[in-house]
Amino acid sequence: MSLDLEIMHQRQAKLEAMRAAGLEPYPHRFEFSQSLTQLLAEHGNDTTEQLEASRPKVRVCGRLIALRTHGKAGFAHLLQDGARLQVYTRQDGVDADTFALWKSLDLGDLVGVDGYLFRTRTGELTVHAEKIEFLAKDLRPLPEKWHGLQDVELRYRQRYLDLLVNPDVRQVFIKRARMVECLREQFQARGYIEVETPMMQPLAGGAAARPFTTHHEALDLPLYLRIAPELYLKRLVVGGLDRVFEINRNFRNEGISTQHNPEFTMLEFYEAYSDYHVLMAWSEQLLAQTARRVAGSTAIEFRGTNIDFGHCQRLSLRAAILKFWPAGAGAAPSPDAIHDPAQEAAILQSCGMVYDRAAGEGAGLVALFEHLAEPHLVQPTIIYDFPRSVSPLAKSKADEPAWVERFEIYAGGMEIANGYSELNDPDEQRRRFEQQLALGKAGNAEAHAVDEDYIRALQYGMPPTAGEGIGIDRLCMLLTGSSSIRDVILFPLLRPQQELDQEAEA
RNA sequence: GGGACGGUAGCUCAAUGGUAGAGCAUUGCCCUUUUAAGGCAAGGGUUCUGGGUUCGAGUCCCAGCCGUCUCACCA
């Protein structure tokens, strides 16, 4: 028998013994006088003398994370919601039942303690137990108390243990919650309302990605998990909700990496009567303010480098290609050349990249940009003006119709946001969809599908509008210094493990 | 999908091709202000799985499974 099972059987036996003695091992609730966090705030600075004079009565609870028994007395540490408090129990300070219970407690058990506060000889604030109540059993041994849980796979699979024994992990997810809160507040302050749009869609639109498919039985309807909420949010703008945002999951059936999880959280927002210039400026403020509130400063550290969200440098996509032109590729193209579609193939070839006519005009330059520049974009950078062919939902530049008013924000070498002036001309939108259709037929698996209802919505008139999506997980990585997206997603997708079923059978 | 690295006790980690170990945790005993409590003793292993090489494999080889990083794709 494995030790794991042996311990479980021992603890199971204690549980049965409690029941036999008429004690309920899983009582319904425990009313504490204050949480440990509150208690530490109230009494954390009380002196030995103050406590001795007042002997504050407390009723607290939590999980036992350390046990040091000394024969007829002993110490324990209680952990509740991230806060720790020491408990002191002595035989002549409690009734016989409580002392018997104390002797039978295991590391990891959940208990409630009535007693009074004092400071030990070494000065630690401690509750002197007068009564202990059993609240729930830990049947399985906890990970090692000193090193915590290190095994990365186990940390993701059993996140509850990771959270329990690795305080840093807890902090990451608390920061994530604060970050989302902070973003919501800023949108609300700007007059936005939060909405929820379908995650199951008959057409997966709004982005270029492979979707997950599913099926609704009663309607006999094939459905896609959404790859973006974009087309629904813009329908709302048509409907007169001028400022809307949504924070929710997108699903993309693509690779998994330190920057990609199949389901990820996107903040997406649209404001009417606005354009991409407005959003670039507002995004810069949004990021700076969020960094200040979550990380305490606009300057954060990520993968060993300092990143300052106090300012975003701005570069057009084509300027970025020139700026990061590789030394081995000969002379960089002139600004005129990179604006000349006839020279795109030659420019790509000089960098050793293949020109694909089917991808559409300018698509090669985007690939070139990602190849040359993206890894260098560590400091927050706004890249603006993208080719129309890769942006079927964005509005063209007035003076250059083959390019659109679109920007992306990069930081830490990752794309964290993407926004544009929305295309609101239904006829032009139909032509763009048809171009996508042609690209799809030419073999581009990620070409955008034609959404007739969306065109119909645009036909009712959508005001000039700007919209943007911000990758919440990646922003969270940056603000918490996490180098993998899995460290900011509570339950990242893993291949399921089979041992559990085998264990259950045993 | 490619490449690199890894999988040993519940956890954290050791172990020249030669008897699988330590710390924490567990069990028993001692211990009424300890805190990585301490002392004495004990138990705990299909070394990821399956093949192969060898007198002998945790260690070397092959295949598979799982994971991490990385490249590709992508946000």
(request) Classify the side-chain pair Glu144(A)/His147(A) by whether it contains a donor and acceptor separated by less than 3.5 Å. (result) yes
(request) Enter the distance from Met414(A):CE to Leu478(A):CG here, rounded to the nearest 0.5 Å. (result) 4.0 Å
(request) Tell me which nucleotide among U26(B), C11(B), G10(B) gets nearest to the side chain of Leu154(A). (result) C11(B)
(request) Starting from C1' on G67(B), measure out to CD on Gln158(A) and report it in whole angstrom. (result) 14 Å
(message) Which nucleotide, if any, forms a Watson-Crick or G-U wobble pair with C69(B), using both distances under 3.5 Å?
(response) G3(B)
(message) If you only use heavy atoms from C-beta on, which nucleotide in C69(B), G67(B), A75(B) is closest to the side chain of Arg474(A)?
(response) A75(B)
(request) Measure from the side chain of Arg157(A), starting at C-beta and using heavy atoms only, and say which of U26(B), C66(B), C69(B) lies closest. (result) C66(B)
(message) Please confirm whether the shortest side-chain N or O distance from Thr258(A) to OP1 or OP2 of U70(B) is below 4.0 Å.
(response) yes
(request) For Glu246(A) and Thr197(A), test the side chains for any donor-to-acceptor distance below 3.5 angstrom and give the result as yes or no. (result) yes
(message) Give me the distance, rounded to whole Å, that separates C11(B) from U26(B) when you measure between the C1' atoms they each carry.
(response) 12 Å
(message) Can you tell me the base-pairing partner of U19(B)? Count Watson-Crick or G-U wobble geometry only, both distances below 3.5 Å, and say none if there is no partner.
(response) none
(request) Using the P atom on both, measure G45(B) against G39(B) and round to a whole Å. (result) 26 Å
(message) Strictly by Watson-Crick or wobble contacts shorter than 3.5 Å, is anything paired with A14(B), and which nucleotide is it?
(response) none
(message) Using Watson-Crick or G-U wobble geometry with both distances under 3.5 Å, which nucleotide pairs with U47(B)?
(response) none
(message) Distance check, C1' atoms only: A25(B) and C13(B), in whole angstrom units.
(response) 14 Å
(request) For C65(B) and C73(B), measure between their C1' atoms and round to the nearest Å. (result) 25 Å
(message) Could you check whether Arg159(A) makes a cation-pi contact with Phe491(A), meaning its NZ or CZ is under 6.0 Å from the centre of the six-membered ring and within 45° of the ring axis?
(response) no
(request) Could you check whether Leu149(A) gets within reach of a base, just the sugar-phosphate, or nothing at all, counting any heavy atom under 4.0 Å? (result) sugar-phosphate
(request) Mind calculating the distance between CG (Asp106(A)) and C1' (U26(B)) to the nearest angstrom? (result) 9 Å
What pairs of nitrogen or oxygen atoms, one from the protein and one from nucleotides 30-34 of chain B, lie under 3.5 Å apart?
residue	atom	partner	partner atom	Å
C31(B)	N3	Gly71(A)	N	3.2
C31(B)	N4	Gly71(A)	N	3.3
U32(B)	OP2	His70(A)	O	3.4
U32(B)	OP2	Lys72(A)	N	3.3
U32(B)	O2	Arg90(A)	NE	2.8
U32(B)	O2	Arg90(A)	NH1	3.3
U32(B)	O2	Arg90(A)	NH2	2.8
U32(B)	N3	Asp92(A)	OD2	3.2
U32(B)	O4	Asp92(A)	OD2	3.3
U33(B)	O2'	Arg121(A)	NE	2.8
U33(B)	O2'	Arg121(A)	NH1	3.0
U33(B)	O2	Arg121(A)	N	2.6
U34(B)	O2	Arg68(A)	NE	2.7
U34(B)	O2	Arg68(A)	NH2	2.9
U34(B)	O2	Gln86(A)	OE1	3.4
U34(B)	N3	Gln86(A)	OE1	2.8
U34(B)	N3	Gln86(A)	NE2	3.1
U34(B)	O4	Gln86(A)	NE2	2.5
U34(B)	O4	Thr120(A)	OG1	2.8

(request) Using whole Å, report how far CD of Glu230(A) lies from C1' of A75(B). (result) 13 Å
(request) With heavy atoms under 4.0 Å as the rule, sort Ala208(A) into base, sugar-phosphate or nothing. (result) sugar-phosphate
(message) Under a 3.5 Å cutoff, is there a donor and acceptor pairing between the side chains of Tyr192(A) and Glu271(A)?
(response) yes
(request) Return the value, rounded to whole Å, for the distance between atom CG of Leu67(A) and atom C1' of C24(B). (result) 14 Å
(message) Taking only the C1' atom of each, what is the distance from A57(B) to G18(B) in whole angstrom?
(response) 10 Å
(message) What's the gap between C48(B) and G58(B) when it is taken at their P atoms, as a whole Å value?
(response) 10 Å
(request) Please state the C1' separation for the pair A41(B) and C60(B) - nearest whole angstrom. (result) 40 Å
(request) Starting from P on A75(B), measure out to CG on Leu267(A) and report it in whole angstrom. (result) 17 Å
(request) Mind checking the CG-CG spacing from Leu365(A) to Leu348(A)? Nearest 0.5 Å is all I need. (result) 6.0 Å
(request) For nucleotides G67(B) and C29(B), find the distance between their C1' atoms and express it as a whole number of Å. (result) 43 Å
(request) Nearest-nucleotide wise, let me know which of Tyr156(A) and Glu370(A) is further upstream toward the 5' end of RNA chain B. (result) Tyr156(A)
(message) Once you apply a heavy-atom cut-off of 4.0 Å, does Asn261(A) come out as touching a base, just sugar-phosphate, or nothing?
(response) base
(request) Salt-bridge test for Arg155(A) and Asp487(A): reply yes if a basic N is under 4.0 Å from a carboxylate O, no otherwise. (result) yes
(request) Assess the side chains of Thr290(A) and Gln186(A): does a donor N or O sit below 3.5 Å from an acceptor N or O? (result) yes
(request) Name the pairing partner of C40(B), where a pair is Watson-Crick or G-U wobble with both distances under 3.5 Å, or state none. (result) G28(B)
(request) Would you mind telling me which of A25(B), C11(B), G67(B) lies closest to the side-chain atoms of Leu107(A)? (result) A25(B)
(message) Using whole Å, what does the distance between atom C1' of nucleotide A9(B) and atom CG of Leu5(A) come to?
(response) 13 Å
(request) May I have the distance from Leu139(A) (atom CG) to G10(B) (atom P), rounded to whole angstrom? (result) 17 Å
(request) Provide, to the nearest angstrom, the distance between the CD atom belonging to Gln10(A) and the C1' atom belonging to G28(B). (result) 11 Å
(request) Could you verify whether a donor N or O on one side chain and an acceptor N or O on the other, from Arg176(A) and Thr265(A), lie under 3.5 Å apart? (result) yes
